[in-house]
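What follows is a single structure, written as structure tokens, with notes after it.
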2 protein chains.
Amino acid sequence: MIAKDLNTGAKMLRVVSINVNGLRSATAKGFFQWLENSGADIVCMQETRLQPHQWLEEHKPAGWHMHLCHAEKPGYSGTAIYSRHPFSSINNGLGFDICDTQGRFTAAEFYISDGPDSEGKTFVVASLYLPSGSSGDEAQARKDLFLQEMLVHFRQWREQGKSIIVCGDYNIVHKEIDIKNWKGNQKNSGVLPHERAWLDTLYDELGYVDAFRVHRPDTQEYSWWSNRGQAWANNVGWRIDYHVVSPDWRNRVANAFIYRDERFSDHAPVVIDYVL
Amino acid sequence: MIAKDLNTGAKMLRVVSINVNGLRSATAKGFFQWLENSGADIVCMQETRLQPHQWLEEHKPAGWHMHLCHAEKPGYSGTAIYSRHPFSSINNGLGFDICDTQGRFTAAEFYISDGPDSEGKTFVVASLYLPSGSSGDEAQARKDLFLQEMLVHFRQWREQGKSIIVCGDYNIVHKEIDIKNWKGNQKNSGVLPHERAWLDTLYDELGYVDAFRVHRPDTQEYSWWSNRGQAWANNVGWRIDYHVVSPDWRNRVANAFIYRDERFSDHAPVVIDYVL
DNA sequence: CCTCGCAAG
DNA sequence: CTTGAGAGG
């Protein structure tokens with residue numbers, strides 16, 4: 001339960017999405033020190049790359065409610081959600097194999113009380129880790145299948161009128177502004193026309209919103225930089241980590257930024273403040 | 001060809017044996033910086049763990065003659081001999097499978113000239129990497145088989161009257177003085193009675209000499225420390241790296257020490273000076 | 001607990 | 001180039 005401020009009737013919710021590229025690695029790089037002072041209320045992680053028996057005290061800071069959704073394969077994939085507010089429920093997976101066995105989707109439901117006299121309402125924050133297609137044709141085929149399956153659920157959520165924030169590593173660049181080297185990557189996985197069209201479908205057809213772009217419509221900012229070469233130093237990046245939100249969240253986006261002052265991973269935290 | 005000093009009629013030869021636990025790793029830890037100033041004439045390495053295509057300039061300092069004897073399996077086993085003096089010949093392997101396919105034995109022959117009027121003579125310096133038996137019964141069985149095969153060659157060399165220095169990681173402790181924790185390791189591979197008896201056979205029956213003990217009969221010094229726990233810091237070690245020499249070298253040992261001031265590997269260099 | 005090769009990103 | 005598993009030590 002999240003109680004709104006009784007005076008203002010409003011409350012700010014800071015939600016963070018980050019592909020940690022190994023929660024153990026990110027921990028060693030000071031991720032949890034940053035998190036403590038980040039002001040985050042809810043954090044969606046991807047590529048946690050650890051199983052429950054490897055999820056230690058050092059990965060479980062005091063004052064958080066935490067949920068881990070792990071892959072069957074050790075050291076691979078996985079998502080997690082950490083929250084300052086208690087979950088009212090948690091759901092792992094979406095009922096298709098590659099998603100469920102690889103821990104690529106987990107969703108937390110929260111209940112907001114508007115005050116003692118109100119019924120309140122619920123919303124969902126999900127952590128999604130879309131497969132990479134960059135290692136070859138088979139990987140791309142698996143990614144495409146995942147996109148297809150995923151679209152069914154995005155459509156259903158709209159039909160149900162669900163209030164949802166789907167944070168994640170989508171492994172897809174949306175538009176030219178979202179990547180440094182647009183021309184050179186036209187044929188690379190993550191920039192393929194049918195992948196970008198999939199995002200168009202979410203936004204233009206289903207009405208979802210790229211929350212970062214609500215607040216920053218024109219800035220060229222990235223959320224991922226290759227580890228090869230000097231990509232980070234030269235800011236040769238891609239924006240592939242998003243908060244995809246149902247339409248009811250559009251007018252609630254108060255602030256959005258990508259945190260680049262420290263580096264915990266090859267991805268940067270995408271931080272968005274929402275007015276509840 | 002090694003020319004003796006024409007005035008004194010003698011020459012010192014510094015021979016080093018070291019298990020480098022990955023020549024690339026040892027290189028990163030400054031092994032070649034040390035080597036340059038070590039005064040070594042001949043260096044026998046074990047566990048080089050690289051194949052010819054991975055043997056780069058950084059592993060080939062100027063002023064040395066070098067020979068690599070690699071395992072078929074990448075990143076595994078292998079021996080090498082580096083020398084300030086040219087080899088007159090090189091021989092890899094000893095004709096049994098585990099030795100030859102894993103690059104566990106290589107021998108360099110040197111020719112010494114006593115002066116313009118003499119015929120001179122030859123001697124052999126070999127680098128031997130005996131298998132570890134510590135990973136289980138099968139590994140121990142392979143080690144035991146290796147010991148058996150190896151004994152044939154040690155015997156033949158004596159029958160041939162060969163002048164030889166067999167440097168190497170023998171993975172066997174000889175006596176109580178050669179290990180810190182004698183009692184606790186009685187049942188562990190490397191300290192087993194039949195392994196130690198094998199060394200007795202070399203020394204007592206065949207007449208080989210543990211060159212280090214010629215110069216240091218009573219010191220408790222080790223050549224290997226486990227990476228686990230605080231073994232190095234607490235000097236909890238084993239002496240398992242030897243110069244096993246034919247009897248003609250006994251009276252030529254001038255100095256012997258194990259170099260512990262720097263750490264290039266889990267093994268330390270065993271340095272012995274011989275009078276030619 | 002280290003080194004290396006490997007799969008995956 | 002990086003993470004992590006796994007073999008081997």
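A note on names: the letters A, B, ... follow the listed sequences, proteins ahead of strands, and every chain is numbered from 1. Values below: all heavy atoms of this structure, side chains included; hydrogens, waters and symmetry mates excluded. It should be emphasised that the depicted structure is a prediction, and the values quoted were computed from it without experimental measurement.
Within the 4.0 angstrom heavy-atom criterion, only backbone atoms of the sugar-phosphate kind lie near B:Ser132; the bases stay farther away. B:Asn21 comes within 4.0 angstrom of sugar-phosphate atoms only, judged by non-hydrogen atoms across all strands, and of no base. Counting any heavy atom pair closer than 4.0 Å across all strands shown, A:Gln230 reaches no nucleic acid atom. Residue contacts shown for B:Gln54 are limited to sugar-phosphate atoms, with no base heavy atom under 4.0 Å away.
If A:Gly22 and B:Asp169 are placed on DNA chain D by their nearest nucleotide, the residue sitting closer to the 5' end is A:Gly22.
When the side-chain nitrogen and oxygen atoms of A:Tyr76 are compared with OP1 and OP2 of D:dT3, none of them lie within a distance under 4.0 Å. For the OP1/OP2 pair of C:dA8 and a distance below 4.0 Å, the side-chain nitrogens and oxygens of A:Ser135 include no atom meeting the criterion. Side-chain N/O atoms of B:Lys73 include one lying less than 4.0 angstrom from OP1 or OP2 on D:dG8. Between A:Lys143 and C:dG9 there is no side-chain polar atom (N or O) within less than 4.0 angstrom of OP1 or OP2.
Atom-to-atom, CD1 of A:Ile240 to C1' of C:dG9 comes out at 10 Å; the value is rounded to the nearest Å. Note: CG (A:Leu130) to P (C:dA8) measures 18 Å, nearest angstrom. Between the CG atom of B:Asn171 and the C1' atom of D:dG9 there is a distance of 9 Å, given to the nearest Å. Rounded to an integer number of Å, the gap from CD of B:Glu72 to C1' of C:dC4 is 18 Å. Counting to the nearest Å, the P atom of C:dC1 and the CH2 atom of B:Trp224 are 14 Å from each other.
Of the candidates C:dG9, C:dC2, D:dG9, the closest approach to any side-chain atom of B:Tyr129 belongs to D:dG9. In this structure, the nucleotide among C:dT3, C:dC2, D:dG6 sitting nearest to the side chain of B:Arg49 is C:dT3. Minimum atom distance to the side chain of B:Asn227 is reached by C:dC2, of the listed C:dC2, D:dT2, C:dG9. Here the nucleotide nearest the side chain of A:Pro74, chosen from C:dG9, D:dT3, D:dG6, is D:dG6. Comparing D:dG9, D:dG8, C:dC4 by their closest approach to the side chain of B:Arg24 singles out C:dC4.
Checked by atom type and distance alone, the side chain of B:Tyr129 never pairs as donor or acceptor with a backbone atom of B:Thr48 at under 3.5 Å.
Ring-plane geometry between B:Phe96 and B:Phe146 is classed as perpendicular, the angle between the planes exceeding 60 degrees on a 0 to 90 degree scale with a lower cut at 30. Note on ring orientation: taking the six-membered ring where Trp is involved, the planes of B:Tyr242 and B:Tyr203 are perpendicular (angle over 60°, cut-offs 30° and 60°).
Donor-acceptor pairing under 3.5 Å is lacking for the side chains of B:His174 and B:Asp210.
Just one residue in the list A:Ile240, A:Ile258, A:Val20 forms a side-chain contact (heavy atoms from CB on, under 4.5 Å) with A:His267, and that residue is A:Ile240.
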